[in-house]
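In what follows, residues are counted from 1 in the order of the sequence shown.
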Amino acid sequence: MHLPHLILAGLCPLLTAASAPPSLQVETPRQEDETPALVELDFESAVSRAERMEKFLVILWVKGPDSPAGTRFREAIFGDKGVQQWIDENAVAVRIDAELDKDGARRNPLRRYPCVDILDFVRGGRVGRITVEDSSADFLATVYGATAESASVEKPEGEAAKEPFRWLAWANTRFRAVEPQGRKDAVNGYTWCLRRADDFRPGFRNRYLEFLLERISSAKMQAPEAVDILKAEAGLLAEQLRAGTGTRQTAYDLVRVNNWRRKELETRDFFIELGGRGPMQDKARRWLLPAAAPVLGRYQQYDEILAEVRDEATVIFASRIASLNAASGKAPIPTEGGDAAPVKIVEPLPYSVPDSRMQIIEQASWVYEALLAGGRGSDARELFELMVGAYPVSKTFGLFMERALRLELWQLTAEIGDIGMGTLDARGQKRMQRLLQRIPEPTGDQGGGDADR
């Protein structure tokens, strides 16, 4: 997504002020609508070039040929005019294929591709990492203040203290300072952005929430107060939901704060706390269900899941599948005709971490286990059929088999495995076979064969 015009208008002049000296600028002109070509190098050569030119190193990491999604990511980041300008003035930009440069990939481990690393060899260290969930605005937020003149960025005072981007630049600069006070100052700056920025630039908090939380969280070793700041933030958000004044955005923010705190159990506990408090708190429970369900499932708190899901399990996940398809421009999954209500499409919150197929499959599998444990086998079967119809992949079959195994429903596990064996490719079939081997050999009367127990 693009920045709101108000934010973009404030960002561009400040980026210009933080630019590198003219001696480092690239003189070759570029067409405005052109996505720049990235030099193909291995990691060692890229580092050597950046050090020789005394510039930042921006690496687009890929693995094999570009996929359509990878191409879109590249264009979204490097096709942005603000990113182009910053790279022209401050960086060497390269593309590295991890399959060709295995040594470079080992030295820069990634969980998934593509992604962008921003490295600084003048002051040392990684400035930031941009993933497929991020945009050009996240790139600019990461490099904001991290230029050759960053030492001149001072703590905002007076009228400047009303400009969130100045606080962001100062916090970024202090985040990378070598003295012990650096991270403490950075946490103060990021906290100001988290709590005050919307007073002056509405929407700033939502746009940079992930970036701010990640930076505050990563500074907690050098700035222990970061732990208390995130805890207090979670408390403020929880209190709004508890009082019935919170919104869907409030619930989302609480989940993200607890995620960066590594306190998913607190999200689960708060979900339970809200039960029976009133209609607004019931809405909050529904918003929190995706984050709470996996934790509730792992602790076998099935009644809490079923109390929220009621008889709407298939409706809930059909809506999520349709909403994800709509957000990604895919055609909706065909549904049965008749008098069935149309599937509800829920628009994603602005700048939120996108829902994903893997999250939907995992969370549906925990609801599936709860339905089975509650003796609602027909509802469980309906949910299973929805999920394998939408996502006939080994992840779906595998997770649903694992949930049946946890409940020692051996016959049901075998039935799911048989369907998977007839649907998946050779690699997926191997996973089915491994899971089927976990079914114990018959020793007389074997229970657990009926999903409707």
Side-chain angles (χ1 to χ4, degrees), residues 1-5 7-8 66-80 111-116 130-139 141 202-211 213-214 247-257 259 267 283-284 286-294 309 312-335 340-367 383 386-393 395-396 399:
M1 298 183 183
H2 296 290
L3 278 170
H5 294 302
I7 295 180
L8 187 59
D66 287 339
S67 65
T71 300
R72 288 194 297 270
F73 173 67
R74 172 177 173 156
E75 292 174 350
I77 301 298
F78 294 97
D80 180 88
R111 285 185 292 180
R112 55 182 175 151
Y113 297 83
C115 122
V116 173
I130 308 301
T131 67
V132 291
E133 284 87 12
D134 300 322
S135 70
S136 58
D138 298 290
F139 183 104
F204 187 100
R205 173 191 166 102
N206 291 350
R207 183 65 197 84
Y208 295 107
L209 180 66
E210 286 298 301
F211 177 81
L213 294 177
E214 187 275 333
T247 64
R248 181 179 162 213
Q249 183 70 55
T250 311
Y252 171 83
D253 287 6
L254 176 61
V255 169
R256 299 312 302 163
V257 171
N259 177 74
T267 302
K283 280 188 177 182
R286 179 58 57 92
W287 295 326
L288 294 171
L289 178 63
V309 170
E312 300 176 348
T314 304
V315 172
I316 290 170
F317 286 97
S319 175
R320 287 185 64 185
I321 293 167
S323 300
L324 179 60
N325 288 345
S328 59
K330 295 180 180 179
I333 296 172
T335 56
V343 177
K344 181 179 180 182
I345 304 295
V346 179
E347 292 289 332
L349 290 166
Y351 311 117
S352 59
V353 176
D355 203 357
S356 72
R357 182 178 73 170
M358 291 301 99
Q359 289 177 324
I360 294 173
I361 294 171
E362 182 199 6
Q363 291 158 14
S365 73
W366 289 114
V367 174
L383 178 59
L386 170 73
M387 297 307 301
V388 297
Y391 305 127
V393 296
K395 184 80 170 180
T396 308
L399 286 181

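Residue Val346 comes nearest to Ser323 through the heavy atom pair N-OG, 2.8 Å, listed as atom of the first residue, atom of the second, then distance. The two residues Ala390 and Ile321 have their closest heavy-atom pair at CB-CD1, 3.7 Å. When all heavy atoms are compared, the tightest approach of Asp80 to Ser136 is OD1-OG, 3.2 Å. In terms of heavy atoms, Ala251 sits closest to Leu288 at O-CD2, 3.9 Å. Between Ala322 and Ile345, the shortest heavy-atom distance links the atoms CB-CD1, 3.4 Å. Considering all non-hydrogen atoms of both residues, Phe73 and Pro114 come closest at CD2-CG, 3.5 Å.
Taking 4.5 Å as the limit, every side-chain heavy atom of Lys283 sits out of range of all side-chain heavy atoms of Arg248. Between Tyr391 and Ile360, the closest side-chain pair of non-hydrogen atoms falls below 4.5 Å. Using a 4.5 Å heavy-atom threshold, the side chains of Glu362 and Pro294 count as touching. Contact annotation: the side chain of Thr250 never approaches that of Asp253 to less than 4.5 Å [non-hydrogen atoms, C-beta and beyond]. Counting heavy atoms from C-beta on, the side chains of Phe317 and Leu386 come closer than 4.5 Å. Contact check for Val116 versus Arg74: no side-chain heavy atoms found under the 4.5 Å cut-off. Between Ile361 and Val393, some side-chain heavy-atom pair lies under the 4.5 Å cut-off. Residues Asn259 and Thr267 form no side-chain contact, since every pair of their non-hydrogen atoms from C-beta on lies 4.5 Å or further apart.
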(Q) Could you go through Leu289 and Val309, starting from their C-alpha distance and side-chain angles, then the distance that decides it, and tell me whether this counts as side-chain contact (heavy atoms from CB on, under 4.5 Å)? (A) CA-CA 9 Å; Leu289 178 63; Val309 170; 4.1 Å; yes
(Q) Applying side-chain contact (heavy atoms from CB on, under 4.5 Å) to Leu349 and Asn206, what does each step give before you reach the verdict? (A) CA-CA 9 Å; Leu349 290 166; Asn206 291 350; over 6 Å; no
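For Arg207 and Ser135, the side-chain atoms include at least one donor-acceptor pair closer than 3.5 Å. With hydrogens and angles left out, the side-chain atoms of Arg320 and Gln363 include a donor and acceptor closer than 3.5 Å.
A side-chain donor-acceptor contact under 3.5 Å links Tyr252 to the backbone of Val353. Under a 3.5 Å cut-off, the side chain of Ser319 and the backbone N or O of Lys344 do form a donor-acceptor pair. Using modelled atom types, no side-chain atom of Ser352 and backbone atom of Pro354 make a donor-acceptor pair closer than 3.5 Å.
Contact check on Glu312 versus Arg286 returns a salt bridge, with a Lys/Arg side-chain nitrogen under 4.0 Å from an Asp/Glu carboxylate oxygen.
In this structure, the separation between CG on Leu383 and OG1 on Thr314 is 5.0 Å, given to the nearest 0.5 Å. One distance of note links CG of Leu254 with CH2 of Trp287; it measures 12.0 Å at 0.5 Å rounding. The line from OG of Ser365 to CE of Met387 is 8.5 Å long, rounded to the nearest 0.5 Å. How far CD of Glu214 is from CG of Asp138: 11.0 Å, rounded to the nearest 0.5 Å. Taken from NZ in Lys395 to CE in Met358, the straight-line distance is 6.5 Å, to the nearest 0.5 Å.
Taking the six-membered ring where tryptophan is involved, the planes of Tyr208 and Phe211 are perpendicular, since the angle between them exceeds 60° and thus also 30°.
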